Participant: 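Mind having a look at this structure? Questions to follow.
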Amino acid sequence: MHPSTSARAPLSRRLVAWAGTLLLTAALLVTQAPAATAADTAVTDLGVSGKGGDVVARDSKIFVAAGDQIVVVSIVGVIERITGLSGAVALASPEIGGKVYAALRDSHEVIEIDTATLAITKRIDLSAYPCPSSLVQSYDYRLWIGFGCGEPGEGGVVSLVPTAATPTPVRLGPATTQAPIIAIRGNRLATAEPGVSPATIKVYDISTTPPTSRGEIRGEDGLPALRDLALAERGSTALSASNDTHQLTDWDTKTLTQRRAFDSSGFGEHGLPTAVAASADDAYVVGGWNSSEGDAAELVVYDATTTEVITTAVHQGKTVVEGSIEFYGILTFAVLREPGTGRMHLWWLSSPYHTSTLTLTAPSKVTALRQSTFSGRLTLSNGMPAGGKTIGLYRWLPDGTSRPYQVITTAADGTYEFTDTPPSAGAFKYQVNWPGNSWFGLSLSSVTVTVARYEPTLTVTGPATGDVGERLEFSGTFGADGITFPPTVITVTRKVVSPDGTVTMKGLMKLSPAADGSFSFSDTPTTVGEHTYNVTLVGGSAVEPTRTTHVVTVHQPPA
């Protein structure tokens, strides 16, 4: 899916170090890097061999389709998996909304995934349009799905609205044998059946209902079989990758003619183009190339206007998966596959853009169970206001386990705030990151806060006097400010000093106070004297222990 817009150290440490490397790299690079510089890259073993390889990045997470699962890699080094799938081969996602859609070829359906929880929130049956194998999402949030199991005339393209209560597929274009490749940008959509020679790129205007055909791209001498297809410049340009041409070709979608070509990679005439994509701002074209022997891969970043090579990256022993290039901020991703084993790896490539700086400031004191406000600012290196940018917030408990991911939006001047209520005392870590965009590099900031236990004020109310045999009612609280407390224990003991000075002590009870800190108890005295009720809050990891007393003078009732 193309968006509209080594040492085996532990994975988390490798990716966090990589994010730090990107910040340093962004600080050293200027706006326009010299031609043919070597790029900074990293490779993450996804721990899976399978079909698929499509990539989409949203909410600081990179989703990779991998057959029986979707591997999710966060930019701070956490790998998660959505398992139990059947033929996950293609992914798409809207710009906003916190959703990723996946085409499941073998179970003939499209699923909707919540990017925060990674839960599957909807399943759309496509049994009438089997083997969905390509997927894109347009500006109006419609999904466009290429389907086909390899039987002549049984494939094609359908669109649907995934948010509808009952999504209804609508067919587009002629029947095919294989599931067509689909590309989208602005109000233009292009399709082509892979593996067919000569190939045909069909162009549509999807701003109309139904979409309007804008013609077909066939090339003067016939278009070789395509491996990948992308759109750029708001849909006015189509980019094709074909092994037979040993180049990436740029087509004008209005005149349906070739405009220019992006020359072969460092493999020369032995380079086989297998993937192509354009950055969200259309400033760059990225091509994925494999050696003809299938033992090396290369990513080449071109200037979209001049076609000059800006950056290259080579990786030995693996190949680029068809159509697997994705952008996220200054990061470019592709999926690599090991020949023979099929094991998949995520290839990270940094790009030469402006820098950004993100700060995070914690309050001077943070207390468990109390809401605290954190603040910061996103600053861009060109001095312009950051505007409303989306920042990812990660939080970790003292034991190192993560808490739910959050999304924050900056104000026009780049400032932001968020609140948090730590559930216990200890060292809590907070990290914010901005993935960057087409011009500015990613930035991140973190702070570790020592959270103090909540200091309660324990109060008990009840009668000051009473009679022997009278039931005495007491109530109390240690809460305030609407705080919700974890389970804890209140103990009550009674000290009685009789008129002759005799002292007796007795443990009366243990109480489980309510979540708001309130509690109550009762006692029926059997002797006269001064009764002192010692009430103790045991406390715990979030609450400091404390105690108080309440005194009742008990008399003998009149005869």
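Quick caveat, the model's predicted, so the values are computed rather than measured.
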Participant: Could you go through the side chain to side chain contact (heavy atoms under 4.5 Å, CB included) check for I325 and L299 one step at a time?
Facilitator: CA-CA 9 Å; I325 297 175; L299 285 179; 4.2 Å; yes
Participant: Judged by atom type as modelled, is there a donor-acceptor pair below 3.5 Å linking the side chain of R227 to the main-chain atoms of L272?
Facilitator: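 Pair absent, no side-chain N/O of R227 close to backbone of L272.
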Participant: Okay, side chain of S197, backbone of A199: is any donor-acceptor separation there less than 3.5 Å?
Facilitator: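 Answer holds: no.
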Participant: Taking the side chain as C-beta and beyond, is there a heavy-atom pair between I70 and R81 under 4.5 Å?
Facilitator: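 A side-chain contact under 4.5 Å is absent here.
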Participant: Is a side-chain N or O of D282 found less than 3.5 angstrom from the main chain of E233, in a donor-acceptor match?
Facilitator: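 Yes; judged by distance alone, with no hydrogens or angles, the pair exists.
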Participant: Could you state the interatomic distance from NZ (K429) to OG (S402), rounded to the nearest 0.5 Å?
Facilitator: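 Taking NZ in K429 and OG in S402, the distance rounds to 12.0 Å.
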Participant: Tell me if a side-chain donor or acceptor on E193 pairs with a main-chain N or O of T177 at a distance below 3.5 Å.
Facilitator: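 Yes.
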Participant: Does any non-hydrogen side-chain atom of L358 lie less than 4.5 Å from one of Y416?
Facilitator: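 Contact flag for Y416/L358 side chains = yes.
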Participant: With salt bridge (charged side-chain N to carboxylate O under 4.0 Å, His left out) as the rule and sequence neighbours excluded, what pairs involving residues 199-212 come up?
Facilitator: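 Residue pairs with at least one partner in residues 199-212: R188-D205, K202-E216, D205-R214.
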Participant: If you define the side chain from C-beta out and look only at heavy atoms, does anything of C131 sit under 4.5 Å from H108?
Facilitator: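 Yes, at least one pair of side-chain atoms sits under 4.5 Å.
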Participant: Is there a side-chain contact between P162 and Q137 in this structure, where contact means two heavy atoms from C-beta onward sitting under 4.5 Å apart?
Facilitator: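 P162 vs Q137: side chains touch.
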Participant: Which pairs, with at least one residue in residues 243-255 and sequence neighbours excluded, count as a salt bridge (charged side-chain N to carboxylate O under 4.0 Å, His left out)?
Facilitator: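 Passing the test, one end in residues 243-255: D250-R259, D250-R260.
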Participant: Could you tell me which non-hydrogen atom of A190 sits nearest to which non-hydrogen atom of I201, and how far apart they are?
Facilitator: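 The answer is CB-CG2, 4.0 Å.
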Participant: Counting C-beta onward and ignoring hydrogens, is there a side-chain heavy-atom pair between P435 and L331 closer than 4.5 Å?
Facilitator: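 P435 does not reach L331 side chain to side chain.
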Participant: List the steps and the verdict of side chain to side chain contact (heavy atoms under 4.5 Å, CB included) for H315 and L336.
Facilitator: CA-CA 9 Å; H315 194 83; L336 299 172; 3.8 Å; yes
Participant: Could you please spell out the steps behind the side chain to side chain donor-acceptor pair (under 3.5 Å) verdict for S107 and E109?
Facilitator: CA-CA 6 Å; S107 59; E109 61 182 331; 2.9 Å; yes
Participant: Find the distance between OH (Y284) and CG (D303) and round it off to the nearest 0.5 Å.
Facilitator: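 Between Y284 OH and D303 CG, I get 7.5 Å after rounding to 0.5 Å.
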Participant: Working to the nearest 0.5 angstrom, can you tell me the gap between I62 CD1 and T44 OG1?
Facilitator: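 Here the rounded value is 8.5 Å.
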Participant: What pair of heavy atoms forms the shortest contact from G52 to V321, and how long is it?
Facilitator: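 Smallest heavy-atom distance, with atoms named: O-CG1, 3.5 Å.
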Participant: Using atom types as modelled and distance alone, determine if a side-chain donor or acceptor of H246 lies under 3.5 Å from a backbone N or O of G271.
Facilitator: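 Between the backbone of G271 and the side chain of H246 there is a qualifying donor-acceptor contact (under 3.5 Å).
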Participant: For the ring pair W347 and F333, is the centre-to-centre distance below 6.0 Å?
Facilitator: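 For W347 and F333, the ring centres are not under 6.0 Å apart.
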Participant: Please enumerate all residues that pass ring-ring contact (aromatic ring centres under 6.0 Å, His included) together with Y394, with sequence neighbours excluded.
Facilitator: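 Expected list: Y405.
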Participant: Are the side chains of Y302 and L248 in contact, using a 4.5 Å heavy-atom criterion?
Facilitator: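 Sidechains of Y302 and L248: in contact.
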Participant: Which atom pair, heavy atoms only, marks the closest approach of L126 to P169?
Facilitator: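 So the minimum-distance heavy-atom pair works out to CD2-CG, 3.9 Å.
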Participant: Identify the two heavy atoms, one from V48 and one from A66, that lie closest to each other, and give their separation to 0.1 Å.
Facilitator: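 Result for this residue pair: CG1-CB, 3.9 Å.
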Participant: Out of I113, L135, D54, which one pairs with L91 under the side-chain contact (heavy atoms from CB on, under 4.5 Å) rule?
Facilitator: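 The residue from I113, L135, D54 that satisfies side-chain contact (heavy atoms from CB on, under 4.5 Å) with L91 turns out to be D54.
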Participant: So do the side chains of L172 and P211 get within less than 4.5 Å of each other, counting heavy atoms only?
Facilitator: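 A side-chain contact under 4.5 Å exists here.
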Participant: Answer yes or no: are there more than 12 heavy-atom neighbours, outside D399 itself, under 6.0 Å from its atom CG?
Facilitator: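 Enclosed.
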Participant: Whether the side chain of E154 engages the backbone of C149 through a donor-acceptor N/O pair (distance < 3.5 Å, no angle test) should be reported.
Facilitator: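 No, the answer is negative, given that no donor and acceptor are paired below the 3.5 Å cut-off.
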Participant: How are the rings of Y430 and F418 set relative to one another: parallel (under 30°), tilted (30 to 60°) or perpendicular (over 60°)?
Facilitator: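 The rings of Y430 and F418 sit tilted, inter-plane angle from 30° to 60°.
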Participant: Say you draw a straight line from CG of L393 to CD of Q431; how long is it, rounded to the nearest 0.5 Å?
Facilitator: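 That separation rounds to 9.5 Å.
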Participant: Counting heavy atoms not belonging to K51, are there more than 12 under 6.0 Å from its NZ?
Facilitator: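 Not buried by this count: 12 neighbours or fewer within 6.0 Å.
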Participant: Could you measure the distance from the CZ atom of R171 to the OG atom of S159? Nearest 0.5 Å is fine.
Facilitator: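 Here the rounded value is 12.0 Å.
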Participant: As a quick check of understanding, evaluate side chain to side chain contact (heavy atoms under 4.5 Å, CB included) for E220 and Q258, giving each step before the final call.
Facilitator: CA-CA 9 Å; E220 292 184 3; Q258 180 175 337; over 6 Å; no
Participant: Salt bridge check, R142 against D140: does any charged N sit closer than 4.0 Å to a carboxylate O?
Facilitator: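 Yes, charged N to carboxylate O under 4.0 Å.
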Participant: Which pair of non-hydrogen atoms, one from P167 and one from L160, has the smallest distance, and what is that distance?
Facilitator: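 Smallest interatomic distance, heavy atoms only, reads CB-CD1, 4.1 Å.
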Participant: Can you check whether G156's main-chain N or O pairs, donor with acceptor, with Y129's side chain at less than 3.5 Å?
Facilitator: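 Such a contact is absent between Y129 side chain and G156 backbone.
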Participant: Are L189 and W144 packed together at the side-chain level, in the sense that at least one heavy-atom pair is separated by less than 4.5 angstrom?
Facilitator: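 A side-chain contact under 4.5 Å exists here.
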Participant: Do any N or O atoms from the side chain of T319 and from the backbone of N290 form a donor-acceptor pair under 3.5 angstrom?
Facilitator: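 Flag not set: sc T319 to bb N290 has no pair under 3.5 Å.
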Participant: Is it the case that the side chain of R58 and the backbone of P94 share a donor-acceptor pair, with hydrogens and angles ignored and the cut-off at 3.5 Å?
Facilitator: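 Side chain of R58 to backbone of P94: a pair is present.
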Participant: Once rounded to the nearest 0.5 Å, what's the spacing between atom CH2 of W289 and atom OG1 of T312?
Facilitator: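 One gets 13.0 Å once the value is rounded to the nearest 0.5 Å.
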Participant: Looking only at heavy atoms, which two atoms of G392 and S60 are closest? And how far apart?
Facilitator: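 Where G392 meets S60 most closely, the heavy atoms are CA-OG, 4.3 Å.
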Participant: Of the options V203, L223, L229, which is the one that meets W251 in a side-chain contact (heavy atoms from CB on, under 4.5 Å)?
Facilitator: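 For W251, the side-chain contact (heavy atoms from CB on, under 4.5 Å) check succeeds only for L223.
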Participant: With side chain to side chain contact (heavy atoms under 4.5 Å, CB included) as the test, would you mind laying out the steps for K99 and Y101 before giving the verdict?
Facilitator: CA-CA 7 Å; K99 303 295 182 184; Y101 295 95; 4.1 Å; yes
Participant: Determine whether a donor-acceptor pair (N or O, by modelled atom type, separation under 3.5 Å) exists between the side chain of Y139 and the backbone of N187.
Facilitator: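 A pair under 3.5 Å: no.
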